[in-house]
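Just so it is clear, the values below take in all heavy atoms, side chains as well, and ignore hydrogens, waters and symmetry mates. The structure presented is a predicted model; accordingly, all values stated were derived computationally and were not measured.
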Amino acid sequence: MEKKELEKAIEKTVLKMALEPNNIEHYHELAKYYALDNQYEKVISVYESLLAIDPKDLQTLLNLGSIWFYAKEYKKALKYFNEAVLVNPSNYLVYYNLGNTYAEMKNFSKALHYYSRTLDFNSKDPEVYNAIALLYHDFEDYVEARAYYEKSLSIEPNNLTALVDLGNVCYKLFDYKQALEYYYKVFELAPDNKTVALCIANTLSVLKDKDKCYEYFEKATALEGDNYKAYICYAIAQSDFKDYEKAVVTYKKAIQSNPSEVNAYILLGNLYSNLKKYTEAEEQYREALKINKLDASIFVLIANVYYMNQEIERSIYSYRAAVNLKPENDEYKLVFIQVLDDYIDEARKDDLVA
């Protein structure tokens, strides 16, 4: 609906409300139009007015709870969802929303309780099992997560959410071959899914299948969407397969695709450093430093390059800069002190010889 049409519809509905102020259908209609126009403050106001007429309107309570949920105002969302439970204690959506809210609040026990209540009223919805699986996944209980994703797939074998997430869980459980099977199935169902193509490529990299790995990275980068992450993953795989020249080219593609992101510069710098190309490594770290001028870890990387290139004094200056930026970091302090002590000891040794 275009803007002018929306304005006319809103005006017409407001007029109907003036004529029939107790007709709650008009309030729902007006809230819908305001939502289409992204005027959520007005949506909330309309729903609050509706509740003044009918405090037990279940749809309004659920809608208000959902609005505050997506606004990340979880305590406000709970207020309306809890009121909805009192209105209809047999509605599974109320418990499902409560479970989602507590999951976002990282309250595992309450989230699991309300998801379980959801299943008491609706045990055939795969999305409920996906939600429970995701809850376990977030709390790093991958075995339980796997069981619930499998339950979801037993209800709906082609559920893309369950297939992708189950692949991710298997990957984290080091069951790479099983992960690959799930990823392949998703890619068959959704061959334009760039993320899954990347998952397949990364898994093939772990399994040391170079040709297929590169094949799926090429597929991923050919699909529509941002390639920054894809290029970085591809370059890491190329480095693992010791195709260092190709990795350098791919990192540079990542930089070209998003020159304001720091990660590719650092990873390319690390690659150059491992190849003992210290000047090139420093250049990349300096580019990263232009973006994050106060990142102490970049000064440490530059210091490491100087140290490995036997430029000890320059190394000391960079370590000191890192310590000044992060004085609470004990690791930086220890490295700085050790390098400084070694430098002083070496200088004194030369004095003694003289």
Side-chain angles (χ1 to χ4, degrees), residues 1-105 111 114-115 117-118 121-122 124-128 130-131 134 156 158-162 164 189-195 223-226 258 260:
M1 189 179 286
E2 292 183 1
K3 182 75 174 177
K4 287 184 178 179
E5 288 180 298
L6 269 176
E7 289 174 353
K8 284 183 180 178
I10 288 169
E11 187 179 335
K12 184 178 178 181
T13 308
V14 169
L15 182 60
K16 286 194 289 186
M17 288 171 64
L19 296 172
E20 297 179 282
N22 291 323
N23 188 329
I24 63 171
E25 293 305 317
H26 299 329
Y27 289 84
H28 280 296
E29 188 178 0
L30 183 60
K32 180 185 74 173
Y33 291 138
Y34 279 137
L36 287 172
D37 201 28
N38 295 317
Q39 297 188 57
Y40 288 102
E41 288 185 7
K42 290 186 177 180
V43 173
I44 292 168
S45 177
V46 171
Y47 279 140
E48 293 288 2
S49 298
L50 192 159
L51 289 177
I53 299 168
D54 183 3
K56 294 184 178 182
D57 188 280
L58 183 65
Q59 192 58 52
T60 297
L61 293 169
L62 286 173
N63 288 350
L64 275 171
S66 297
I67 289 169
W68 289 119
F69 174 85
Y70 287 111
K72 301 187 186 300
E73 294 278 358
Y74 300 123
K75 288 183 179 179
K76 290 181 180 179
L78 287 176
K79 172 182 179 292
Y80 291 105
F81 291 143
N82 282 320
E83 288 179 20
V85 170
L86 297 175
V87 172
N88 188 345
S90 301
N91 189 305
Y92 83 96
L93 281 174
V94 178
Y95 298 108
Y96 183 61
N97 282 309
L98 280 165
N100 288 339
T101 306
Y102 279 114
E104 289 297 325
M105 296 172 74
Y114 284 110
Y115 284 142
R117 289 291 288 143
T118 307
F121 298 100
N122 184 1
K124 297 297 182 183
D125 188 341
E127 295 310 316
V128 182
N130 284 343
L134 182 60
E156 187 182 340
N158 290 338
N159 186 289
L160 291 178
T161 300
V164 172
L189 295 168
D192 58 345
N193 192 316
K194 191 181 192 79
T195 301
L223 289 169
E224 188 176 345
D226 181 25
N258 196 341
S260 63

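- When side chains are defined from C-beta on, Asn88 does not count as touching Val94, because their heavy atoms never get closer than 4.5 Å.
- Nearest heavy-atom pair, Thr13 versus Ala9, reported as atom, atom and distance to 0.1 Å: OG1-O, 2.7 Å.
- Note: Lys32 NZ to His28 NE2 = 11.5 Å, rounded to the nearest 0.5 Å.
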Report all side-chain donor-acceptor pairs from residues 58-69 shorter than 3.5 Å, counting only partners two or more places apart or in another chain.
residue: Gln59; atom: NE2; partner: Asn63; partner atom: OD1; Å: 2.9
residue: Thr60; atom: OG1; partner: Asp57; partner atom: OD1; Å: 2.8
residue: Asn63; atom: ND2; partner: Tyr47; partner atom: OH; Å: 2.8
residue: Asn63; atom: ND2; partner: Gln59; partner atom: O; Å: 3.4
residue: Ser66; atom: OG; partner: Leu62; partner atom: O; Å: 2.9

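- The nearest pair of heavy atoms linking Ala111 to Gly99 is CB-O, 3.6 Å.
- For the atom pair CG (Asp37) and CG (Leu6), the distance works out to 5.0 Å, reported to the nearest 0.5 Å.
- Ser45 places no side-chain N or O within 3.5 Å of a backbone atom of Glu41 that could act as its donor or acceptor partner.
- Here Leu50 contributes atom CG and Met17 contributes atom CE; the two are 8.0 Å apart, rounded to the nearest 0.5 Å.
- Formation of a donor-acceptor pair under 3.5 Å by the Asn122 side chain with backbone atoms of Thr118 is not found in this model.
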Does Asn82 form a side-chain contact (heavy atoms from CB on, under 4.5 Å) with Leu98? I'd like the steps, not just the answer.
CA-CA 8 Å; Asn82 282 320; Leu98 280 165; 3.7 Å; yes
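- A heavy-atom distance below 4.5 Å is found between the side chains of Tyr34 and Ile10.
- Checking Asp226 against Asn258 by side-chain atom types alone, no donor-acceptor pair falls below 3.5 Å.
- Between Tyr114 and Tyr102, the ring planes are parallel. Angles under 30° get that label, and only those over 60° would be called perpendicular.
- Residues forming a side-chain contact (heavy atoms from CB on, under 4.5 Å) with Tyr40 (at least two apart in sequence, or on another chain): Ala35, Asn38, Val43.
- Heavy-atom minimum distance, Val46 versus Tyr27: CG1-O, 3.3 Å.
- Considering all non-hydrogen atoms of both residues, Pro89 and Tyr95 come closest at O-OH, 2.6 Å.
- Under the 4.5 Å side-chain criterion, counting only non-hydrogen atoms from C-beta, Asn100 is not in contact with Phe81.
- A salt bridge is defined here as a Lys NZ or Arg NE, NH1 or NH2 lying under 4.0 Å from an Asp or Glu carboxylate O, and Lys16 with Glu20 fails to meet this definition.
- Side-chain atoms of Tyr33 never come within 3.5 Å of backbone atoms of Glu7 as a donor-acceptor pair (strictly under, hydrogens ignored).
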